[in-house]
J.: 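Can you read through this structure? Questions will come right after.
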Amino acid sequence: MSQMSRRHLMLAATGAAALVAAPRFVFAQAAAPAAATPFTLPPLTYPVAALEPHIDAKTMEIHHDRHHAAFIGNLNTFAKDNPMIASMSPVEVLGKLSDVPEAIRTGVRNNMGGHANHSMFWQIMGPNGGKPEGDVLTAIDRDLGGMEKFTTDFNAAGGRQFGSGWVFVTVDKSGKLAIENRPNQDNPAMDGKRALMGNDVWEHAYYLNYQNRRADYLKAWWNTVNWKVIGERYAMAKAGTLGV
Ligand code: MN
């Protein structure tokens with residue numbers, strides 16, 4: 001399909017009003033020829049068994065290689081006819097969902113959110129994760145009442161999430177932290193914040209090992225948290241450079 005006919009499709013899909021309000025998709029599309037499969041599954045940086053016994057290898061393998069891979073496959077399908085969704089970063093797209101053509105908006109919300117959430121999730125876990133220190137610990141003390149209250153409140157929020165979703169520590173542009181739930185695969189970038197860290201409370205994240213014992217999973221999960229990465233993410237958030 002020619003670039004021009006893609007533009008005509010976009011015009012038809014988004015309507016002139018949306019183009020006037022937010023022309024960035026069109027310019028980005030014209031400037032960057034899209035790859036056939038622009039979205040790729042980020043590899044785990046540790047073995048699938050590295051988080052045992054807290055998260056078992058089979059859960060990690062299915063979660064990463066099948067669940068996250070499904071979001072990638074769906075995004076590549078959307079990108080075939082809507083290359084603009086690959087022309088910006090995931091957090092930029094999630095922050096401007098109203099500009100995404102309505103026909104694919106819910107699909108992009110779910111699958112780009114899933115891609116962003118899981119990309120964050122793999123990053124902020126790992127073996128030998130250390131302890132919080134430096135600026136992020138200062139912020140936890142200041143905004144979340146210290147580590148003991150933070151972990152208690154975070155686990156309570158994860159336990160309260162009805163149905164599928166996430167519990168996040170969000171960070172705003174000033175560096176302020178907050179514990180916030182999101183349903184399904186929604187991501188804090190949808191309202192201008194970033195996920196500093198978060199735990200997946202969809203049943204697929206824990207059911208093989210913990211069945212209905214979500215509270216036990218939430219408690220054990222802290223043993224997998226990589227505080228070095230979270231400290232780096234906090235510095236990036238304050239600098240305005242944190243992506244997923
Ligand atoms: Mn998941």
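The first residue of the sequence shown is numbered 1, and numbering continues consecutively from there. Read the numbers this way: they start at 1 and go in the same order the structure lists the ligands and their atoms.
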J.: For residues 167-177, which residue pairs pass the side-chain hydrogen bond (donor to acceptor under 3.5 Å, both in side chains) check, not counting sequence neighbours?
T.: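 Applying side-chain hydrogen bond (donor to acceptor under 3.5 Å, both in side chains) to every pair that reaches into residues 167-177, excluding sequence neighbours, yields Thr170-Glu180, Asp172-Ser174.
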J.: Is there a path of hydrophobic side-chain contacts, each under 4.5 Å between heavy atoms, that joins Val48 and Ile72?
T.: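 Unlinked, Val48 and Ile72 end up in two clusters.
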J.: Give me the other members of the hydrophobic cluster that Val244 sits in, counting Ile, Leu, Val, Met, Phe, Trp and Tyr linked by side-chain heavy atoms under 4.5 Å, directly or via other members.
T.: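 Members alongside Val244: Val91.
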J.: With a 6.0 Å cut-off on ring centres, are Trp202 and His118 close enough?
T.: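 No - the distance between ring centres of Trp202 and His118 does not fall below the 6.0 Å cut-off.
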J.: What residue pairs, at least two apart or across chains, pass side-chain hydrogen bond (donor to acceptor under 3.5 Å, both in side chains) with a residue in residues 154-165?
T.: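 The answer is Asn155-Trp222, Gln161-Asn181.
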J.: Tyr217 and Asn199: side-chain donor and acceptor closer than 3.5 Å?
T.: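 Yes.
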J.: May I ask you to list the protein N, O or S atoms found at less than 2.8 Å from the Mn ion (ligand 1)?
T.: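 Atoms qualifying: His63 NE2, His118 NE2, Asp200 OD2, His204 NE2.
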